[in-house]
Each structure stands twice: as structure tokens, then as C-alpha cells.
Amino acid sequence: MEEGRERFKHNKVCVLVPTYNNEKTLEKVLSDVLAYTDQVIVVNDGSTDSTRSILQKFPHIIQLNYPHNQGKGYALRKGFETAVDNGYDYAITIDSDGQHFAEDLPKFINKLESHPAAIIVGARNMEQSSVPGKSSFGHKFSNFWFWVETGITMPDTQSGYRLYPVKLLQRIQFITKKFEFEIEVMVRGAWNGIALEHVPVRVYYAEKGKRVSHFRPFKDFTRISILNTFLVAIALFYIKPRDLFRGLKKKNFRDILNEQLFNPAESDVVKAVSVGFGVFMGIVPVWGFQLALAIALSFLFRLNKALVIIAANISIPPMIPLILFLSHYTGSFWMGDKAQKISFGKQITLELVQNNFVQYVLGAITLAVLAGVTFSGIAYLGLKLFNRPKA
């Protein structure tokens with residue numbers, strides 16, 4: 001056991017216990033943790049029960065006491081700050097309701113020693129019979145949205161049993177204070193290049209009626225849903241395009257085109273559809289948002305992002321007058337007798353678009369569809385010709 005304690009000290013790891021009105025389980029949780037390390041921080045987040053009296057039995061551990069409940073996220077953030085101030089690089093968070101087992105603490109140290117710059121999550125077995133139905137649903141719901149936001153698959157994104165590299169997390173400004181913080185810290189950690197790992201842990205759920213939970217299904221689920229909506233929007237319109245462009249900057253246009261067109265891991269159909277979709281987005285009348293939407297939707301539809309970006313550049317400045325003219329011309333078929341006839345020799349201006357907005361929009365959408373289908377077909381045939389086995 002002494003060897004285990006030394007590993008905590010050597011790796012600068014503390015155990016962080018946020019607590020709120022868990023008087024029935026807190027003392028046992030702390031006693032179990034102290035069997036493995038005395039590097040413990042407790043954050044009493046405004047408890048109104050006998051928590052303060054219980055903590056008086058443990059004067060040798062670091063304690064933070066707040067008069068009013070602020071939320072689990074706030075308690076964790078203050079705990080992280082306290083851990084760094086006391087010279088710790090890592091903090092293992094364990095809930096005070098007794099659902100986690102201190103016997104699993106060494107698993108986090110083992111993983112830490114091979115992955116020293118990662119958030120390590122304790123993955124629970126959510127298939128066991130004692131797991132409440134709402135917890136099982138929330139678990140799957142959270143895992144799905146985490147994958148959408150980061151592209152990373154994790155077995156358990158709701159577990160509160162985790163190891164955090166608190167020193168690395170200092171550079172991130174967090175915004176949430178309630179249960180949703182545990183989602184925010186993982187997503188924003190991944191966006192900032194912090195690795196995500198997991199270890200299997202056991203979990204105990206007391207029978208109904210004896211279980212103490214401060215999770216408010218309607219309010220907290222709503223807050224988590226709002227946060228996920230916010231994070232998905234940021235991921236689609238900033239993080240994923242940012243990461244994509246960072247990768248593209250390292251290569252020249254010709255290399256990117258060759259690499260993406262002749263990538264054997266991707267089917268000709270996906271490549272052809274990507275070209276057609278890029279052309280469609282380059283023409284469709286959402287000026288100013290075409291590229292951002294094209295990239296975001298290419299992630300959702302799992303298309304070839306580089307080919308979508310290249311094809312979307314059909315709307316480069318020299319091509320705009322031609323696209324505007326063809327859009328108006330195509331729109332005239334929808335307008336019938338009300339159509340405004342123009343010629344390509346006439347000055348093509350934004351004023352022309354404003355004066356014939358309906359004709360332009362109908363024509364641009366139609367042209368975008370036709371051009372997208374045409375370019376998809378051309379790209380598919382071209383790929384089949386180039387990829388034809390030589391005799």
C-alpha cells in the first residue's frame with residue numbers, strides 16, 4: 001500500500017471529492033480513499049446537512065467550504081484551481097455518493113503513467129441490472145453527441161470518476177457550472193489537443209428510495225441539451241473547418257487533389273458525390289456562408305472534405321458573373337411571363353439580383369442541382385476511366 005501512496009506523490013496526483021448533502025456516504029468514501037492516498041481535496045458545495053461535522057473528522061485533508069450551493073461544475077473548477085495551487089499536476093475526481101470504488105484508483109495511476117497528458121475517464125458497465133433506465137439513456141445520448149462534437153468514440157462520457165490533467169486545463173476558460181461541465185471539459189479538452197483515454201471501473205447504484213441524486217432530470221437535461229447544441233454548432237462551423245484547413249496548409253493544391261481523388265480507402269461514389277455537392281454549395285444562393293456550410297455538411301454526410309472545398313470554389317470571383325447570368329436565365333423558366341430577360345453582355349450587378357430576387361433564387365437553386373448532378377456524373381466517369389486496370 002505504501003508503494004501505491006508513493007505513486008500518487010511521484011506523479012503529483014490528488015483525489016478531488018466534490019460533495020453536496022451526502023452525509024450518509026461521505027465519511028466512508030473519504031475513509032476508503034485515504035487507504036490509498038492522503039493527497040485529498042474536498043469541496044463542500046454549500047451542503048445543508050451534517051457534512052461540515054463529518055469533515056471535522058478529517059482535519060489533515062484540504063477542504064473548501066462554500067455557504068451556498070453553486071453546482072458540481074463550479075465545485076470541480078475550484079477544486080482544479082486548488083489542486084494546481086498545492087502543486088498537483090493531476091486530480092482524480094470521485095463522487096461522494098458511494099457509487100464509485102476507491103479500489104479502482106490504481107487503475108488511473110497505471111493509465112496515467114503510459115498516457116501522461118490525457119483526460120482518463122472511468123468507463124462504467126452500464127448494462128448491469130442495477131443501472132437506472134434514465135442513466136442508461138443519458139449515457140447513450142451523451143456518447144453520441146460527444147462523437148458528433150469531437151469525432152472521438154468514448155464508452156462513457158458521463159462518468160464522474162475521472163483523472164484530469166489540471167495543469168494542462170488551466171489554459172482553457174470554461175463557462176458552465178452545473179452537471180454539464182463534465183461534458184464541456186471533455187469536448188473542449190479534445191478541441192485543445194488533450195487526449196482522451198478510459199479505464200474500466202465498477203459502479204454501485206443503491207436501490208430506488210435509498211439513492212441520493214442531485215441531478216434534476218428536466219432542468220439539467222435541458223441545460224445539457226443547450227450546451228450540446230452550442231458545442232455542435234462550434235464544432236461544425238469552427239473546430240472541424242479549422243482542423244481541416246490546418247491539415248491542408250501543409251500540402252500544395254496538386255498533392256491534395258491527387259491524394260483525395262486517388263485515395264483507395266474511399267469509394268468512387270463518395271468522391272463523385274463530394275465533387276457534385278461542392279459544386280452545388282458553390283452555386284446555391286447562400287452567399288457568404290457557402291464554404292462554411294459546405295464544410296459543416298460534409299462532416300455530417302461523411303463526404304470527402306477536401307474535394308468538397310475544391311469543388312465549392314466554382315464560385316471564385318471570375319466565375320460569379322457567369323453564375324449570376326445562368327441563375328437568372330434558369331429562373332426565367334420558372335417565372336413564365338413575369339421573367340426578366342437579360343443577356344450576358346448586359347452589366348451583371350448585385351442590383352440586378354435585388355430587382356429580380358425570386359427569379360434569381362429559383363434559378364440558382366435549380367442551376368445548383370443540375371450542375372451538382374452533372375459534375376458528380378463527370379467525376380464518377382473520370383474516376384472509372386483513370387482507375388481502369390491496365391491490360
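By convention here, the first residue in the shown sequence is residue 1. All figures in this text were calculated on a predicted structure; none of them were measured in a lab.
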Using side-chain heavy atoms (C-beta onward) and a distance below 4.5 Å, is [X] in contact with [Y]?
{"X": "V84", "Y": "Y88", "value": "no"}
{"X": "S315", "Y": "I283", "value": "no"}
{"X": "T366", "Y": "L370", "value": "yes"}
{"X": "T82", "Y": "I62", "value": "yes"}
{"X": "D89", "Y": "V166", "value": "no"}
{"X": "H328", "Y": "Q340", "value": "no"}
{"X": "Y66", "Y": "V43", "value": "yes"}
{"X": "F146", "Y": "I183", "value": "no"}

Determine yes or no for a side-chain-to-main-chain donor-acceptor pair under 3.5 angstrom, with [X] supplying the side chain and [Y] the backbone.
{"X": "T93", "Y": "Y161", "result": "no"}
{"X": "K107", "Y": "P200", "result": "yes"}
{"X": "N143", "Y": "P155", "result": "yes"}
{"X": "Q63", "Y": "L55", "result": "yes"}
{"X": "D45", "Y": "T19", "result": "no"}
{"X": "E266", "Y": "K271", "result": "no"}
{"X": "S159", "Y": "D156", "result": "no"}
{"X": "W191", "Y": "E149", "result": "yes"}
{"X": "T37", "Y": "Q39", "result": "yes"}
{"X": "T51", "Y": "S47", "result": "no"}

Mind checking what makes side chain to side chain donor-acceptor pair (under 3.5 Å) contact with E113, not counting sequence neighbours?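 In terms of side chain to side chain donor-acceptor pair (under 3.5 Å), with neighbours along the sequence ignored, E113 is linked to R7, N11.
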
More than 12 heavy atoms of other residues, nucleotides or ligands under 6.0 Å from [atom1] of [X]: is that the case?
{"X": "K12", "atom1": "NZ", "result": "no"}
{"X": "F230", "atom1": "CZ", "result": "no"}
{"X": "H10", "atom1": "NE2", "result": "no"}
{"X": "F375", "atom1": "CZ", "result": "no"}
{"X": "K177", "atom1": "NZ", "result": "no"}
{"X": "R302", "atom1": "CZ", "result": "no"}

Using the ring of each side chain (for Trp, its six-membered ring), is F80 parallel, tilted or perpendicular to F181, with breaks at 30° and 60°?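 Tilted.
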
Take the angle between the ring planes of F280 and F277 and call it parallel below 30°, perpendicular above 60°, tilted in between.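 F280 vs F277 ring planes: parallel.
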
If you apply the rule side chain to side chain contact (heavy atoms under 4.5 Å, CB included), what do you find for E103 with R202, and how did you get there? CA-CA 9 Å; E103 290 92 333; R202 293 180 296 157; 3.9 Å; yes

Can F101 and D32 be said to form a side chain to side chain contact (heavy atoms under 4.5 Å, CB included), step by step? CA-CA 8 Å; F101 292 83; D32 289 347; over 6 Å; no

Considering all heavy atoms, the nearest [X]-[Y] contact:
{"X": "V40", "Y": "V17", "value": "CG1-CG2, 4.3 Å"}
{"X": "N21", "Y": "T48", "value": "OD1-N, 2.7 Å"}
{"X": "K178", "Y": "G71", "value": "CD-CA, 3.9 Å"}
{"X": "K305", "Y": "S298", "value": "CG-OG, 3.5 Å"}
{"X": "E184", "Y": "I175", "value": "OE2-N, 3.0 Å"}
{"X": "I194", "Y": "P165", "value": "CG2-CG, 4.2 Å"}

Taking atom [atom1] of [X] and atom [atom2] of [Y], what is their separation to the nearest 0.5 Å?
{"X": "S274", "Y": "I309", "atom1": "OG", "atom2": "CD1", "answer": "11.0 Å"}
{"X": "L196", "Y": "T157", "atom1": "CG", "atom2": "OG1", "answer": "10.0 Å"}
{"X": "W147", "Y": "S142", "atom1": "CH2", "atom2": "OG", "answer": "14.5 Å"}
{"X": "L300", "Y": "I295", "atom1": "CG", "atom2": "CD1", "answer": "12.5 Å"}
{"X": "T176", "Y": "L76", "atom1": "OG1", "atom2": "CG", "answer": "9.5 Å"}
{"X": "L163", "Y": "Y90", "atom1": "CG", "atom2": "OH", "answer": "8.0 Å"}

With side chain to side chain contact (heavy atoms under 4.5 Å, CB included) as the test, would you mind laying out the steps for I41 and L64 before giving the verdict? CA-CA 8 Å; I41 299 173; L64 283 77; 4.0 Å; yes

Among the clusters formed by ILVMFWY side chains lying less than 4.5 Å apart, do [X] and [Y] turn up in the same one?
{"X": "I120", "Y": "Y36", "result": "yes"}
{"X": "W145", "Y": "I119", "result": "no"}
{"X": "V286", "Y": "V369", "result": "yes"}
{"X": "I365", "Y": "F357", "result": "yes"}
{"X": "L322", "Y": "F333", "result": "no"}

Pairs where residues 66-86 contributes a residue and the test salt bridge (charged side-chain N to carboxylate O under 4.0 Å, His left out) is met, not counting sequence neighbours: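 Pairs touching residues 66-86 that pass the test: K72-D95, K72-E182, K78-E81.
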
Kindly determine whether V201 and R124 satisfy side chain to side chain contact (heavy atoms under 4.5 Å, CB included), including the steps that lead there. CA-CA 5 Å; V201 297; R124 303 163 294 175; 4.1 Å; yes

Do N22 and S96 pair up side chain to side chain, a donor and an acceptor below 3.5 Å, judged on atom types alone?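 Short answer, yes.
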
Any donor-acceptor N or O pair under 3.5 Å, side chains Y164, R162: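 R162 and Y164 do have a side-chain donor-acceptor pair below 3.5 Å.
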
Salt bridge (charged side-chain N to carboxylate O under 4.0 Å, His left out) with E23: which residues, sequence neighbours excluded?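 Scan of E23 (salt bridge (charged side-chain N to carboxylate O under 4.0 Å, His left out), adjacent residues dropped) gives none.
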
